[in-house]
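Working notes, structure below.
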Protein chains: 2
Amino acid sequence: MPESPGSTSGSPARKGARQRRVTITDVGAAAGVSTSTVSRVLNGTARVDPELVRRVQSAVAELGYRPNAAAQGLARGEAGAIGVLVPDLSNPYFPDVLKSISAVARSHGRRVMVMESDEDPASEPELAEDLMRCCDGVLLCSPRMDRTALLDLTLRGHPLVLVNRIVPGLSTPSISADFYGGMTLVCGHLTQLGHRRVAYLSGPESSWANAERLRAFDAAAAFGLDVDVVPCGHTARQGYEAAGTVPDRGATAVVAYNDLVALGAVAALEESGVRIPDDMSVIGCDDISLDDLPASRRLTTASLARHELGRQAAQRLETLMTVGGDTEPLYIPMELRVRHTSAPPALRPSRPATAPPGLSTAD
Amino acid sequence: MPESPGSTSGSPARKGARQRRVTITDVGAAAGVSTSTVSRVLNGTARVDPELVRRVQSAVAELGYRPNAAAQGLARGEAGAIGVLVPDLSNPYFPDVLKSISAVARSHGRRVMVMESDEDPASEPELAEDLMRCCDGVLLCSPRMDRTALLDLTLRGHPLVLVNRIVPGLSTPSISADFYGGMTLVCGHLTQLGHRRVAYLSGPESSWANAERLRAFDAAAAFGLDVDVVPCGHTARQGYEAAGTVPDRGATAVVAYNDLVALGAVAALEESGVRIPDDMSVIGCDDISLDDLPASRRLTTASLARHELGRQAAQRLETLMTVGGDTEPLYIPMELRVRHTSAPPALRPSRPATAPPGLSTAD
DNA sequence: CTGTTAGCGCTTTCAC
DNA sequence: GTGAAAGCGCTAACAG
């Protein structure tokens with residue numbers, strides 16, 4: 001058994017005092033070669049005499065040597081890691097994205113550092129900067145910070161790619177789900193079903209993705225779809241709470257900022273005796289947990305290949321770090337998944353009791 | 001506007017060529033002080049003349065200087081980060097844990113590096129080692145690797161704490177949900193409702209947490225509860241698929257490895273006309289998304305304060321890294337949440353077709 | 001209080 | 001093919 005240096009007794013030192021780590025010098029000494037040779041065999045940087053290779057390898061094994069990542073990083077001028085900043089880890093949206101980012105990064109020999117801003121736009125710049133300090137590149141997911149802060153970061157000259165936020169005029173590689181297109185699909189679907197007035201449970205104010213959805217509603221007005229925007233949020237609970245006010249607003253369908261909100265809305269509506277989709281259609285966004293959460297199989301939603309988004313984002317960052325960036329924003333298309341929570345509006349649209357037959361009463 | 005060094009023209013260099021980063025030396029030069037002084041004002045390591053402080057600070061701002069993390073790490077002998085290894089990021093279980101780990105780590109000035117093993121026990125040791133190379137301490141969440149591999153890692157003398165896996169004889173700080181206690185609560189609940197035979201949709205073979213649950217079932221046998229173990233897995237889809245076979249097995253209740261599996265089972269059972277909880281009780285584990293997923297509000301489950309688990313785990317690691325470790329395993333208690341998917345068994349318990357009148361017809 | 005001087009552990013020219 | 005030596009950017013004694 002290789003004796004760990006610094007502790008002569010066999011008892012595992014569990015003290016705070018750090019036992020001296022094995023360094024490349026130790027390996028060199030043990031193998032009777034220079035540190036450069038050790039480095040060379042470990043990195044395959046140059047041809048080395050097979051005999052020496054053997055000696056080095058066995059010394060490495062003997063001593064249990066592991067290169068110090070910080071030292072490598074300093075010497076190589078590369079951290080070997082990329083950073084990812086997300087607003088909220090508990091949103092099922094991100095793990096999927098993270099998963100593929102992580103896979104791509106690994107395939108390029110990089111680790112992934114994750115930070116979460118807790119949906120607080122003000123904390124983002126600092127976190128992002130911190131990521132830049134210790135990573136070769138960073139992915140900003142759905143950043144909520146304002147334009148100027150964002151601009152500021154991009155000017156640092158550090159590899160950076162924006163995910164789910166496209167800022168016109170920013171020459172930073174960006175990639176996003178096509179929320180506008182996705183919501184347009186949703187609006188079209190509802191319109192064709194016969195809905196004329198829908199409530200939109202709106203996401204975080206600072207969310208660009210939310211703004212994109214709103215833009216789609218504006219356009220949908222031309223097709224006769226009237227959208228009532230209800231401030232809500234991004235969690236199921238917020239959807240649950242906001243949904244309570246919907247039936248009174250004369251809407252026959254509710255579109256939610258995301259699936260979580262939609263699920264919350266469904267729960268609230270059903271609890272108050274509203275049948276879905278008979279009395280009210282509910283449509284989500286994101287298609288959370290494709291093949292994992294059976295509950296979500298029922299929700300009509302705008303679906304996004306999150307793995308694809310993550311993969312492309314990571315790939316784009318890698319490209320940026322190595323050969324240089326492509327500035328053209330990339331949109332990942334969304335698809336409409338018609339499932340069980342959307343249907344034509346009820347024959348008697350809900351109207352305030354005072355209204356004469358046939359006239360719209362929207363205030 | 002501070003001119004970035006290396007690019008004389010104003011155009012933001014987006015090339016692959018790394019522009020020379022501003023170093024502490026540059027700052028020292030600009031402020032007319034030594035690098036040590038710069039270091040001191042930046043770290044608050046010692047008192048510095050207010051005038052110099054001012055000069056340093058403005059030089060820092062002017063130049064847009066950010067300390068290089070690798071260099072700091074090397075010089076300080078500390079990476080300023082902790083690593084977390086989880087089997088599967090998409091499991092809603094982990095984001096919550098990660099969230100609080102992340103918060104605690106931050107409060108101690110450390111970043112968090114996340115890696116995922118994709119439920120592949122064989123990949124874990126390498127990932128864990130990699131984390132050790134670049135982090136001051138690591139958290140192994142629900143490690144699937146075998147005892148020896150685990151033992152091997154703990155012997156490296158690198159701060160390490162085990163989460164959701166207690167290995168007797170390992171003097172490594174460990175912390176876990178009390179799965180045994182949780183499942184015991186579940187068994188007691190079912191028994192008191194009158195159930196005598198339940199099916200257990202079993203989790204990953206290599207999961208210690210699953211083994212703990214099984215241990216609870218063994219004990220429950222003494223109370224007359226007969227548990228039929230059905231190999232399943234950890235995803236909703238696997239729960240969906242495994243649930244199909246349950247009604248034939250004469251069980252009046254199914255206990256699932258986790259809530260995801262339970263949700264899958266509920267979906268499958270309902271689809272095949274089984275009423276829940278009237279015909280069949282379904283109980284989960286983990287209490288996924290406490291206040292976020294309304295769907296889960298309906299599931300009777302063994303609940304765990306995941307944030308607490310994460311917090312304590314991170315705190316324990318921090319303690320280990322600074323003052324030394326406490327080797328006594330810590331168990332976080334679980335609570336039974338009785339909701340809408342558990343009830344007394346149907347009056348006519350399903351029995352094989354040979355039974356006298358009142359027989360169930362399940363094939 | 002401040003500057004000088006050594007390294008931290010590794011990679012990488014540059015000679016041999 | 002291999003070793004010696006310089007240096008990545010920062011911190012931390014150590015003198016003044």
Side-chain angles (χ1 to χ4, degrees), chain A residues 5-6 18-56 59-60 63-81 109 130 132-136 158, chain B residues 5-6 18-57 59-60 63-81 109 132-136 158:
Chain A
R18 201 96 309 130
Q19 65 224 60
R20 202 175 80 67
R21 306 257 310 151
V22 181
T23 79
I24 199 174
T25 313
D26 300 325
V27 176
V33 300
S34 73
T35 61
S36 0
T37 297
V38 177
S39 173
R40 288 196 267 258
V41 337
L42 258 35
N43 300 308
T45 316
R47 294 197 57 77
V48 176
D49 183 287
E51 164 60 9
L52 294 192
V53 171
R54 217 194 38 68
R55 266 158 50 196
V56 167
V60 165
L63 271 42
Y65 167 73
R66 316 284 158 193
N68 174 316
Q72 286 186 313
L74 184 54
R76 295 211 254 248
E78 260 205 349
D130 195 26
M132 287 179 166
R133 297 201 313 116
C134 65
C135 299
D136 301 322
H158 195 100
Chain B
R18 200 99 305 131
Q19 65 225 59
R20 200 175 83 67
R21 305 259 309 154
V22 181
T23 80
I24 199 175
T25 312
D26 300 326
V27 177
V33 300
S34 73
T35 62
S36 5
T37 298
V38 177
S39 173
R40 286 195 269 258
V41 336
L42 258 35
N43 300 308
T45 316
R47 296 197 56 78
V48 176
D49 184 287
E51 163 60 9
L52 294 192
V53 171
R54 215 194 40 68
R55 267 162 41 200
V56 167
Q57 285 172 340
V60 165
L63 272 42
Y65 167 72
R66 316 285 159 192
N68 173 316
Q72 286 185 314
L74 186 54
R76 295 212 255 247
E78 262 206 347
M132 286 178 166
R133 297 203 311 118
C134 66
C135 298
D136 301 322
H158 196 100

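Residue numbers start from 1 in every chain, and the chains themselves are labelled A, B, ... in the order their sequence lines are given, proteins ahead of strands.
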Exercise. Hey, which of B:L52, B:D26, B:V56, B:T25 is the one that makes side chain to side chain contact (heavy atoms under 4.5 Å, CB included) with B:V38?
Worked result: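 The passing option is B:V56.
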
For this session: Could you list where the contact with chain A starts and ends along DNA chain D, reading 5' to 3', using a 4.0 Å heavy-atom cut-off?
Result: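 The contact span of chain A on DNA chain D goes from D:dG1 to D:dG9.
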
Distance (rounded to the nearest 0.5 Å) between [X] [atom1] and [Y] [atom2]:
X     : Y     : atom1 : atom2 : result
A:L63 : A:I24 : CG    : CD1   : 12.0 Å
B:L42 : B:Q57 : CG    : CD    : 8.5 Å
A:Q72 : A:N43 : CD    : CG    : 6.5 Å
A:R55 : A:T37 : CZ    : OG1   : 9.5 Å

Problem set entry | Side chain proximity check, A:S36 to A:R40, heavy atoms < 4.5 angstrom | yes

Search all heavy atoms of [X] against all heavy atoms of [Y] and return the closest pair with its distance.
X     : Y      : answer
A:A81 : A:C134 : CB-O, 4.4 Å
B:V60 : B:V27  : CG2-CG1, 3.8 Å
B:L74 : A:A71  : CD1-CB, 3.8 Å

Exercise. Can any side-chain N or O of B:H158 pair as donor or acceptor with the backbone N or O of B:R133 at less than 3.5 Å?
Worked result: no

Exercise. So what is the end-to-end bend of the helix from C:dC1-D:dG16 to C:dC16-D:dG1, with 5 pairs used at each end and the value given to 10 degrees?
Worked result: 40°

Exercise. Which letters describe nucleotides 9-16 of chain C, given B = protein heavy atom under 4.0 Å from base, S = only from sugar-phosphate, - = neither?
Worked result: BBSB----

